[in-house]
Amino acid sequence: ALRGHKGWDAQWASPEPRKDYDVIIIGGGGHGLGAAYYLAKEHGITNIAVLEKGWIGGGNSGRNTTIIRSNYLYEESMDIYEHSLKLWEGLSQDLNYNVMYSARGVMMLSHNVHDQQSFKRHINANRLYGIDNEWLTPEQAKAYCPPLDISANARYAINGAALQRRGGTARHDAVNWGYARAASDRGVHVIQNCEVTAIRRGPDGAVTGVETNRGFIGAKKIGVSAAGHSSVVMKMADVRVPLASNPLQALVSEPLKPIFPCVVMSNTVHAYISQSDKGELVIGAGTDQYNSYSQTGGLQIITHTLDAICELFPMFRRVKMMRQWGGITDNTPDRSAIQSVTPVPNLFVNCGWGTGGFKATPGSAHLFAHLIARGEPHKLAEGLNLERFRSGRLIDEAAAAAVAH
Ligand code: FAD
Ligand code: PYC
């Protein structure tokens with residue numbers, strides 16, 4: 001800004017689209033950009049375009065509250081989220097871009113016997129699988145997070161908490177920019193303001209390319225990673241995916257001096273909070289219940305969330321809120337993602353990450369690249385197939401999603 005925004009080097013190239021590519025990825029969020037990066041880096045495929053209808057990070061990848069953890073219940077989920085967590089730990093070095101991953105710990109508050117039983121079940125499952133997660137008494141929770149009110153007469157009294165110490169946060173914009181730059185450096189075309197309006201198929205049914213607001217672009221393979229618009233994009237190829245799109249809202253406070261040392265989530269009272277390195281309290285809500293493609297949301301939802309935050313942390317009652325926004329989350333019936341081949345040859349889909357896909361970004365991108373390159377899923381993502389909605393082999397992670405739906 002001191003240079004008047006002049007003389008800055010672009011971090012990634014902005015080329016004109018080629019006539020055709022080996023791979024087109026629809027959606028320039030962290031998942032799509034990351035998949036392009038790993039396709040180039042690990043599979044030697046560089047003739048790739050990532051087509052983004054808006055700007056890089058304008059979707060959920062730039063709108064989330066950046067919570068990272070791997071404390072899910074079922075093996076299919078633990079596999080991919082833990083794979084992701086391990087990639088987070090080395091991501092800044094891998095991309096040569098500081099994504100500000102901070103393992104400050106994610107603490108989930110338990111308010112009743114049901115919460116306690118559910119968290120202990122998760123803790124036991126995680127530990128048996130080699131993933132860290134531990135039970136804290138209210139006093140231990142307060143020692144870990146001093147602003148927490150643990151008095152017995154609190155409106156939302158707590159009876160303990162689950163803590164994953166390796167969980168934490170990262171800087172979401174840096175993740176998007178880091179993947180965009182690293183992919184571009186390897187020859188990937190990152191094309192913004194390029195909306196896909198149709199998916200074209202040949203006589204054998206296989207994809208041949210996409211129509212966009214910049215004309216037809218050919219492709220041998222297409223990966224869809226369009227989050228809240230995944231069902232809209234998949235419909236372009238006549239594939240129905242079991243998704244409901246709902247807004248999810250977040251807001252940030254005025255900047256404060258460092259006061260909040262970790263991440264705290266309370267699913268029961270619909271609130272989660274951490275403090276960014278700029279000092280803002282980063283607060284999020286449960287999903288708005290209606291289906292919508294609007295990146296806003298209802299005032300009553302965040303009002304309720306702020307009530308809950310003020311009950312849990314009375315010291316924040318006089319803090320001013322600065323900005324609020326929403327993102328469109330794509331939610332599956334079992335609250336687990338879909339990363340799958342589809343009935344259309346050479347069309348692959350990565351969606352359904354719903355309220356919880358930021359933490360999955362590196363892991364999902366890495367495994368989606370494998371799926372696109374090989375045409376079959378990596379063993380860590382096998383369970384996330386579309387077929388499970390036909391067979392009934394669902395992966396119910398409603399509790400671990402930890403955001404009220
Ligand atoms: P996106 O970043 O949304 O990327 C998809 C892109 O596709 C968009 O940029 C969109 O413009 C583009 N697109 C759509 N249609 C087209 C088209 N026709 N042509 C071209 N491009 C198209 N997850 C966590 O793990 N932890 C959290 O703390 C957390 N907090 C959240 C808080 C909020 C308020 C929200 C909204 C989400 C939160 N999430 C969280 C969820 C997480 O943000 C998402 O699951 C994740 O970012 C999805 O990444 P993505 O790359 O798939 O999607
Ligand atoms: O999945 O951990 C999560 C999350 C936190 C806030 C929104 N999603």
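Just follow the structure's listing: the first ligand is 1, and inside any ligand the first atom is 1. Residues: numbered from 1 along the sequence shown.
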Worksheet item: What salt bridge (Lys or Arg N to Asp or Glu O under 4.0 Å) pairs are there with at least one residue in residues 233-243, not counting sequence neighbours?
Response: Arg201-Asp238
Would you list the atom pairs, donor with acceptor, under 3.5 Å between side chains in residues 102-110 and any protein atom, with sequence neighbours excluded?
unit_1: Ser102; atom_1: OG; unit_2: Arg104; atom_2: NE; d: 2.9
unit_1: Ser102; atom_1: OG; unit_2: Arg104; atom_2: NH2; d: 3.3
unit_1: Arg104; atom_1: NH1; unit_2: Gln275; atom_2: O; d: 2.7
unit_1: Arg104; atom_1: NH2; unit_2: Asp277; atom_2: OD1; d: 3.4
unit_1: Ser110; atom_1: OG; unit_2: Gln116; atom_2: N; d: 3.3
unit_1: Ser110; atom_1: OG; unit_2: Asn159; atom_2: OD1; d: 2.4

[X] (side chain) donor-acceptor with [Y] (main chain) under 3.5 angstrom:
X: Asn60; Y: Gly327; answer: no
X: Asn246; Y: Gln289; answer: yes
X: Asn71; Y: Asn126; answer: no

For [atom], find the nearest protein heavy atom and state the residue, atom name and distance (0.1 Å precision).
atom: atom 15 (N) of ligand 1; answer: His229 CB, 3.6 Å
atom: atom 35 (C) of ligand 1; answer: Leu248 CD2, 3.5 Å
atom: atom 17 (C) of ligand 1; answer: Val196 N, 3.8 Å
atom: atom 7 (O) of ligand 1; answer: Gly27 CA, 3.3 Å
atom: atom 42 (C) of ligand 1; answer: Phe358 N, 3.4 Å
atom: atom 36 (C) of ligand 1; answer: Gly327 CA, 3.4 Å
atom: atom 32 (C) of ligand 1; answer: Asn64 CA, 3.4 Å
atom: atom 6 (C) of ligand 1; answer: Glu52 OE1, 3.5 Å

Below 4.0 Å from any atom of ligand 1, is there a heavy atom belonging to [X]?
X: Gly354; value: yes
X: Ser230; value: no
X: Gly30; value: yes

Discussion item. Testing Lys359, His31, His83 one by one against Ser364 for a side chain to side chain donor-acceptor pair (under 3.5 Å), which residue passes?
Written reply: His31
Worksheet item: Any salt bridge between Glu387 and Arg390, counting N to O under 4.0 Å?
Response: yes
Worksheet item: Is the closest basic N to carboxylate O distance between Arg155 and Asp307 below 4.0 Å?
Response: no
If I apply the N/O under 3.5 Å rule, does [X] come out as touching ligand 1?
X: His31; result: yes
X: Arg63; result: no
X: Gln249; result: no
X: Ser61; result: yes

Once you restrict both partners to nitrogen or oxygen, which atoms of ligand 2 have a protein partner under 3.5 Å, and how far apart are they?
unit_1: ligand 2; atom_1: 1 (O); unit_2: Arg69; atom_2: NH2; d: 3.3
unit_1: ligand 2; atom_1: 1 (O); unit_2: Lys359; atom_2: NZ; d: 2.5
unit_1: ligand 2; atom_1: 2 (O); unit_2: Arg69; atom_2: NE; d: 2.8
unit_1: ligand 2; atom_1: 2 (O); unit_2: Arg69; atom_2: NH2; d: 3.0
unit_1: ligand 2; atom_1: 2 (O); unit_2: Lys359; atom_2: NZ; d: 3.4
unit_1: ligand 2; atom_1: 8 (N); unit_2: Thr355; atom_2: O; d: 2.7

For ligand 1, which atoms, with element, lie under 4.0 Å from some heavy atom of [X]?
X: Trp353; answer: 45 (O)
X: Glu195; answer: 18 (N), 19 (N)
X: Leu51; answer: 20 (C), 21 (N)

Practice prompt. Anything under 30° is parallel, anything over 60° is perpendicular, the rest tilted; go ahead and classify His122 against Phe119.
Written response: perpendicular
Item to complete: Indicate the ring-plane relationship of Trp88 and Tyr101, choosing parallel, tilted or perpendicular according to the 30° and 60° boundaries.
Response: parallel
Practice prompt. Could you note down all residue pairs passing ring-ring contact (aromatic ring centres under 6.0 Å, His included) where residues 272-303 supplies at least one of them, sequence neighbours left out?
Written response: His229-Tyr293
Discussion item. I'd like to know whether the aromatic ring centres of Tyr179 and Tyr38 sit less than 6.0 Å apart in this structure.
Written reply: yes
Fill in: Among Asn60, Ile68, Thr329, Val403, closest by any non-hydrogen atom to atom 1 (P) of ligand 1
Asn60
